[in-house]
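Below: the structure, in structure tokens.
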There are 2 protein chains.
Amino acid sequence: MPHRKLEGKKSLFIVTGASRGIGREIVLQCAARAADASAFLITARNEAALVEVKTAIKNKNKNARVWIVVCDMADLNDEAKMSFDTVMREITEQDTYESLFLFHNAGYLGDVSKKALKLNDAENWAEFLNANFVNMILLNNLILKWITNLTCPKRYIINLSSILAIQGFVSFTQHACGKAAREAFFRGLAVEEPSIRVLNYAPGPVLTDMYKIVQEKSYDPTIRKAYTVNENGNSAAKSDVHVAQLTPEQTVTKLVRILNDDQYESGAHVDYFDDEEQSV
Amino acid sequence: MPHRKLEGKKSLFIVTGASRGIGREIVLQCAARAADASAFLITARNEAALVEVKTAIKNKNKNARVWIVVCDMADLNDEAKMSFDTVMREITEQDTYESLFLFHNAGYLGDVSKKALKLNDAENWAEFLNANFVNMILLNNLILKWITNLTCPKRYIINLSSILAIQGFVSFTQHACGKAAREAFFRGLAVEEPSIRVLNYAPGPVLTDMYKIVQEKSYDPTIRKAYTVNENGNSAAKSDVHVAQLTPEQTVTKLVRILNDDQYESGAHVDYFDDEEQSV
């Protein structure tokens, strides 16, 4: 398979929400596939979990450089921004890389306990939009201010999105609004910055902690049932909103393949299931 | 033309941003086409302009009931909500209507002076999202709390959206994010509330005050030029972002036709240009 963009390359990987779930899996697959002496900046709230992820990176990529920034994306305050600035300065001063892969994976589910017609708490909306949308933009722009094409001639931004960005489902309206706004931001960035490749990736219904929150909190009994995990670790029922249940490994394997192939239009929405018929 | 949903019906029309531009035109076309004794709730910041619109309504629909609420959607405070509650109580106590048509037209352009990579002011984002997204939701839900199918057996919500909700253009990223989030909200509402019909309508590039702001403020010279109006009132150049220049009358005529025909899927994005080839 010629011309793969990630496999075997010396890259800088920056991953938010890197301590668990899809974010952790992204880090580990990239560590296994990237060239030796690649670099990783991993961030999340849980420092202990990030330290474990760092160890796991070193096991797969023994000369990797790894930076950790402990940060809550709900509170990207001046101190947090300074931590990122400090790390970004170190990264850019120490080395150059063939590519930057910046994965915006952090985010939370939002309120699934209420219908759209009951989402009337302005403060709740402000917090949700800040954590899941505005602070993602601020961090994105901070990183891209440091990582010009002098440090990384090729730059890839991957927004972990959702089918909800383009399709409505009961009980997921707040989540959908955040994802739709994020995709719109990256569509704009993609047309303004032709030198940057942008992917809005919908990972499918993946069994993560978010999955369990849906099962507990959704106002809709059909959704709760669809997200109930039985004793075999599988969901009890299928619904429109999740036609299958995926593992982080499955969806990240697909994402890495999409990045390696590099065939998407910059700014496009690409779903895990888009070409599953042909690849099965 | 049988079964038209707006023409000749006694309806309740609620229009935000009703003092000028597309909002004013919506009010006037609805006043001319609706049955006698229809009702109008018009809202905007400029009271004098709303009073003029009220007179214009009465000229077209002499027994119309007209309520005015002076309100800045950037500041939907408790007092403003109480004003709406008072008016909504009056409306629901006085009469019933065949249909509610609720037009969410208020909104502002956002920052077109900066690239997406420079949209780094969290406070500016919070203000923009509040005025153009969150407060629209709060008002929408307040109105629908009052207007059940007892007052209006049929309920239509029309979100004045933009092609930017689904496609990126240079210099319009903030605007696009607001429109994308609004559409996602209404897609969720549409699937949760099958008794309500929801339309996300992209009106095309209409010569309004917003148009002139683009011409003054866009960071991109090509966009500025495309939005420059020459001495004949026409734009000086064409671009991808506006393939033609429309008047409020043109786009509202099309919108009313779409509402009369009632063929769209609830929650769908429908553009002025979607069927222009066949209708020309």
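Side-chain atoms are counted along with the backbone in the values below, which use heavy atoms only and exclude waters and symmetry mates. Each chain gets a letter, A, B and so on, in the order its sequence line appears, and its residues count up from 1.
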Identify the two heavy atoms, one from A:A184 and one from B:A176, that lie closest to each other, and give their separation to 0.1 Å.
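Nearest heavy atoms, A:A184 then B:A176: CB-O, 3.7 Å.
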Side chain, backbone, both or neither: which part of [X] has a non-hydrogen atom closer than 4.5 Å to chain B?
{"X": "A:F128", "result": "neither"}
{"X": "A:Q174", "result": "neither"}
{"X": "A:L144", "result": "side chain"}
{"X": "A:I166", "result": "backbone"}
{"X": "A:F133", "result": "side chain"}

Heavy-atom neighbours of [X] [atom1] exceed 12 at 6.0 Å:
{"X": "B:R45", "atom1": "CZ", "result": "no"}
{"X": "B:K115", "atom1": "NZ", "result": "yes"}
{"X": "B:K145", "atom1": "NZ", "result": "yes"}
{"X": "A:E90", "atom1": "CD", "result": "yes"}

For chain A, which of B:G188, B:C177, B:G178 has the most heavy-atom pairs under 4.5 Å?
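The residue among B:G188, B:C177, B:G178 with the greatest pair count is B:C177.
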I'd like to verify something: which residue of B:T173, B:V134, B:N135 has the highest number of heavy-atom pairs under 4.5 Å with chain A?
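Among B:T173, B:V134, B:N135, the one with the most close pairs to chain A is B:T173.
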Count the heavy-atom pairs under 4.5 Å between each of A:G267, A:A122, A:G168, A:S171 and chain B, then report the option with the highest count.
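Ranked by contacts with chain B, first place is A:G168.
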Looking at A:L76, A:L119, A:L142, A:V170, which makes the most heavy-atom pairs under 4.5 Å with chain B?
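Most heavy-atom pairs under 4.5 Å with chain B: A:V170.
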Which region of [X], side chain (C-beta onward) or backbone (N, CA, C, O), has a non-hydrogen atom less than 4.5 Å from a non-hydrogen atom of chain A, or is it both or neither?
{"X": "B:N130", "result": "neither"}
{"X": "B:A190", "result": "neither"}
{"X": "B:E183", "result": "neither"}
{"X": "B:L189", "result": "both"}
{"X": "B:K179", "result": "neither"}
{"X": "B:L129", "result": "side chain"}

Between CH2 on residue A:W125 and CG on residue B:L138, distance to nearest 0.5 Å
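These two atoms lie 9.5 Å from each other.
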Atom pair NZ/CG of B:K81 and A:N120 - distance to nearest 0.5 Å
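CG of A:N120 is found 8.5 Å from NZ of B:K81.
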Under the 3.5 angstrom rule, does the side chain of A:R187 hit a backbone N or O of B:A165 as a donor-acceptor pair?
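Answer holds: yes.
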For A:A116, is there any backbone N or O sitting under 3.5 Å from a side-chain donor or acceptor partner on B:N141?
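Side chain of B:N141 to backbone of A:A116, a donor-acceptor pair under 3.5 Å: yes, one is there.
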With side-chain contact (heavy atoms from CB on, under 4.5 Å) as the criterion, how do A:E192 and B:L117 come out once you've worked through the C-alpha distance, each side chain's angles and the decisive distance to 0.1 Å?
CA-CA 9 Å; A:E192 287 180 352; B:L117 281 178; over 6 Å; no
